[in-house]
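This report concerns only the one structure given below.
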Amino acid sequence: MKKRLLSVLICAAMAATLLSACGKKESGAGKETSSQETNADTKSSGSEETKSGDISVTFVPKLSGNAFFESANVGAQEYAKKVGGYSVKYDGNPEASVANQVAIINNAISQGSNGVCVSSVDATGLDAAMKKAKEAGLAVVTWDSDVSGDARSLMVSQGTPEQLGQMLVDMAAEGMEDPNAEGITYAWHYSQATVADQNSWQVAGEAYIKEKYPNWTNVAPNNYYSEQDAEKAISVGESILTAHPDITAIICNDSTALPGQAQAAQNLGLTSKDVVITGFAAPNSMKDYCRAGIIERWGLWDCQIQGAMGTYLAYWLAAGNTFKVGDKIDIPEIGTVEVMPNTVLDPKAYTADDSGVVLLPERTVFDINNMDNYDF
């Protein structure tokens, strides 16, 4: 599958790194704005704005040490230096848990941060902490994985469940000799059912399989979960392969599960000729497995630009700007984004004028032919 990466460049200083980007400039991209300039159609009125030079944003990953989140932090830090007017504090924990993220959000409040930008480990588990932050006057934004719509202002999403679920299934199908053959079996391996984004991709992927590949059989309808633990991802991966020795494909919609599943296959002496393994992960975490013939293709979006956008929007809100669904926001050197309703991610989602979603427009697929063009 050939995918074209987005051609957005955050700045000249990041040009070498952003050869890996999945973003592309949209009309209006490259517009330079000062740190005091309002970039949306609406602006808060009558409120005392924080001086932009004093604004700090706490950037919270699901867990620290993971290539995806560390790369997103690189994008956020470099972009903040380029744009100016705010600083980004990356604050994570090597163990992905609600308790750890709640502690980080509470620390951000007590330490005087002006905003938080969080990739949530649980769809609702952080709601109380995020609402507390909002009530304390912090700008509250999510990225990568969401909380409830009434617990934050903006979400920077990598795509709709339909886009990402279909992408995962298509990558699996492309690794098969004949995806329409009889007897094809598969399973899903990711973090946990309570992670909103990954679970929604699995649900959308299942609907797509039912429609396009009714010959496929899911051998583990309850899915396999490894809780974003690198060692557990390997042991769970080995369990899948030993419990289902003839399985056709394993889909890993998690950047910890995918390298763990690939390592499990390698430990058992299996290659892509024996089982199709695919999913989402940063390219650098999978290159060695691709060279070794364990995996043929996998995908991702530009986590660096996603990190930059999420932290910038937290800063933008903390500076006193407001929005309503349908507004467009100019993000310096990235482009104009539209605030979409939360229902773009979930038809049953909370709706309000002051709670919305900004989408990244594209994703990409990596393979042996293009993976060395990217360094993140």
Side-chain angles (χ1 to χ4, degrees), residues 1 63 65-68 94 96 167-192 198 201-202 205-206 209 213 215-300 364-376:
M1 177 188 298
L63 74 165
N66 175 280
F68 173 86
M167 181 179 177
L168 287 163
V169 174
D170 284 343
M171 289 190 297
E174 289 189 4
M176 300 176 191
E177 197 169 312
D178 179 6
N180 295 305
E182 293 300 319
I184 288 176
T185 57
Y186 70 99
W188 298 84
H189 174 192
Y190 56 106
S191 62
Q192 54 208 52
Q198 296 168 24
W201 308 337
Q202 187 270 343
E206 280 292 296
I209 289 170
Y213 300 112
N215 54 306
W216 292 17
T217 299
N218 186 339
V219 296
N222 292 325
N223 307 318
Y224 285 91
Y225 303 115
S226 51
E227 299 173 345
Q228 291 185 304
D229 181 297
E231 292 301 318
K232 188 171 182 179
I234 297 171
S235 62
V236 169
E238 291 180 351
S239 297
I240 299 171
L241 292 166
T242 53
H244 309 284
D246 297 320
I247 194 169
T248 309
I250 303 170
I251 305 172
C252 303
N253 35 335
D254 168 23
S255 60
T256 302
L258 182 58
Q261 186 65 60
Q263 184 62 57
Q266 191 169 49
N267 291 349
L268 296 174
L270 303 174
T271 72
S272 60
K273 304 298 181 185
D274 303 301
V275 57
V276 176
I277 297 171
T278 193
F280 291 143
N284 286 351
S285 69
M286 301 306 300
K287 288 178 182 178
D288 287 345
Y289 297 114
C290 188
R291 292 189 185 100
I294 308 300
I295 185 172
E296 290 185 353
R297 62 185 55 77
W298 71 103
L300 200 63
T364 194
V365 174
F366 307 106
D367 59 26
I368 194 68
N369 297 310
N370 71 358
M371 66 182 188
D372 288 327
N373 294 333
Y374 313 112
D375 186 21
F376 68 96

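One is the number of the first residue; the rest follow in order along the sequence.
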*Can you name the closest pair of heavy atoms from Met171 and Gly279 and give their distance?*
CE-O, 3.5 Å

_Side-chain heavy atoms of Trp188 within contact of Asn218, under 4.5 Å_ = yes

*State the CD-CG distance between Gln228 and Asp254, to the nearest 0.5 angstrom.*
5.0 Å

*Say you draw a straight line from CD1 of Ile251 to CD1 of Ile209; how long is it, rounded to the nearest 0.5 Å?*
5.0 Å

*Expected output: side-chain Gln198 to main-chain Ser191 donor-acceptor under 3.5 Å*: yes

*asked:* Are Ile294 and Gln263 packed together at the side-chain level, in the sense that at least one heavy-atom pair is separated by less than 4.5 angstrom?
replied: no

*Using atom types as modelled and distance alone, determine if a side-chain donor or acceptor of Asp229 lies under 3.5 Å from a backbone N or O of Ser226.*
no

*Looking only at non-hydrogen atoms, find the nearest pair between Ser272 and Glu296 and report the distance.*
OG-OE2, 3.4 Å

*Any donor-acceptor pair under 3.5 Å linking the side chain of Asp367 with the backbone of Cys290?*
no

*Report the C-alpha separation of Trp201 and Tyr190 in whole Å, then their side-chain angles, then the decisive distance to 0.1 Å, and conclude whether the ring-ring contact (aromatic ring centres under 6.0 Å, His included) test is met.*
CA-CA 11 Å; Trp201 308 337; Tyr190 56 106; 8.5 Å; no

*Once you round to the nearest 0.5 Å, how far does CD1 of Ile234 lie from CD of Gln266?*
10.0 Å

*Heavy-atom closest contact (Ala264 atom, Leu241 atom, distance)*: C-CD1, 4.1 Å

*Roughly how far apart are Gln261 CD and Tyr289 OH, rounded to 0.5 Å?*
11.0 Å

*State, to 0.1 Å, how close Ala233 and Ala257 come at their nearest heavy-atom pair, and which atoms those are.*
CB-CA, 4.0 Å

*Compare all side-chain heavy atoms of Tyr213 with those of Ile184 and state whether any distance is below 4.5 angstrom.*
no

*Evaluate side-chain contact (heavy atoms from CB on, under 4.5 Å) for Tyr225 paired with Asn223, printing each intermediate quantity in order.*
CA-CA 7 Å; Tyr225 303 115; Asn223 307 318; 3.1 Å; yes

*Does the side chain of Leu268 reach to within under 4.5 Å of the side chain of Thr242, using non-hydrogen atoms?*
yes

_Inter-residue atom distance Thr271.OG1 - Ile295.CD1, 0.5 Å rounding_ = 12.0 Å

*Classify the side-chain pair Thr185/Asp246 by whether it contains a donor and acceptor separated by less than 3.5 Å.*
no

*When the ring planes of Phe366 and Trp298 are compared, do they come out parallel, tilted or perpendicular, using 30° and 60° as the limits?*
tilted

*Trp216 and Met176: side-chain contact (heavy atoms from CB on, under 4.5 Å), yes or no, with the steps?*
CA-CA 12 Å; Trp216 292 17; Met176 300 176 191; 3.4 Å; yes

*State whether the side chain of Asn215 and the backbone N or O of Pro179 hold a donor-acceptor pair below 3.5 Å, judged by distance alone.*
yes

*State, without any angle test, whether Asn267 and Glu238 hold a side-chain donor-acceptor pair at a distance under 3.5 Å.*
yes

_Note, Arg291 side chain near Asp372 side chain (heavy atom, < 4.5 Å)_ = yes

*For side-chain contact (heavy atoms from CB on, under 4.5 Å), just list the numbers for Leu168 and Gln202, CA-CA rounded to whole Å, side-chain angles, deciding distance to a tenth of an Å, and then say yes or no.*
CA-CA 9 Å; Leu168 287 163; Gln202 187 270 343; over 6 Å; no

*Measure the OG1-NZ distance between Thr256 and Lys232 for me, rounded to the nearest 0.5 Å.*
12.5 Å

*Counting N and O atoms only, with roles assigned by atom type, does the side chain of Thr248 sit under 3.5 Å from a partner on the main chain of Tyr186, one being a donor and the other an acceptor?*
no

*Is any side-chain heavy atom of Phe376 closer than 4.5 Å to a side-chain heavy atom of Leu300?*
yes

*So, Asp170 and Arg297, do they make that salt bridge, N to O below 4.0 Å?*
no

_Closest heavy-atom pair and its distance - Glu227, Gln192_ = CA-OE1, 3.7 Å

*Check the pair His189 / Ile277 against side-chain contact (heavy atoms from CB on, under 4.5 Å), numbers first and verdict last.*
CA-CA 10 Å; His189 174 192; Ile277 297 171; over 6 Å; no

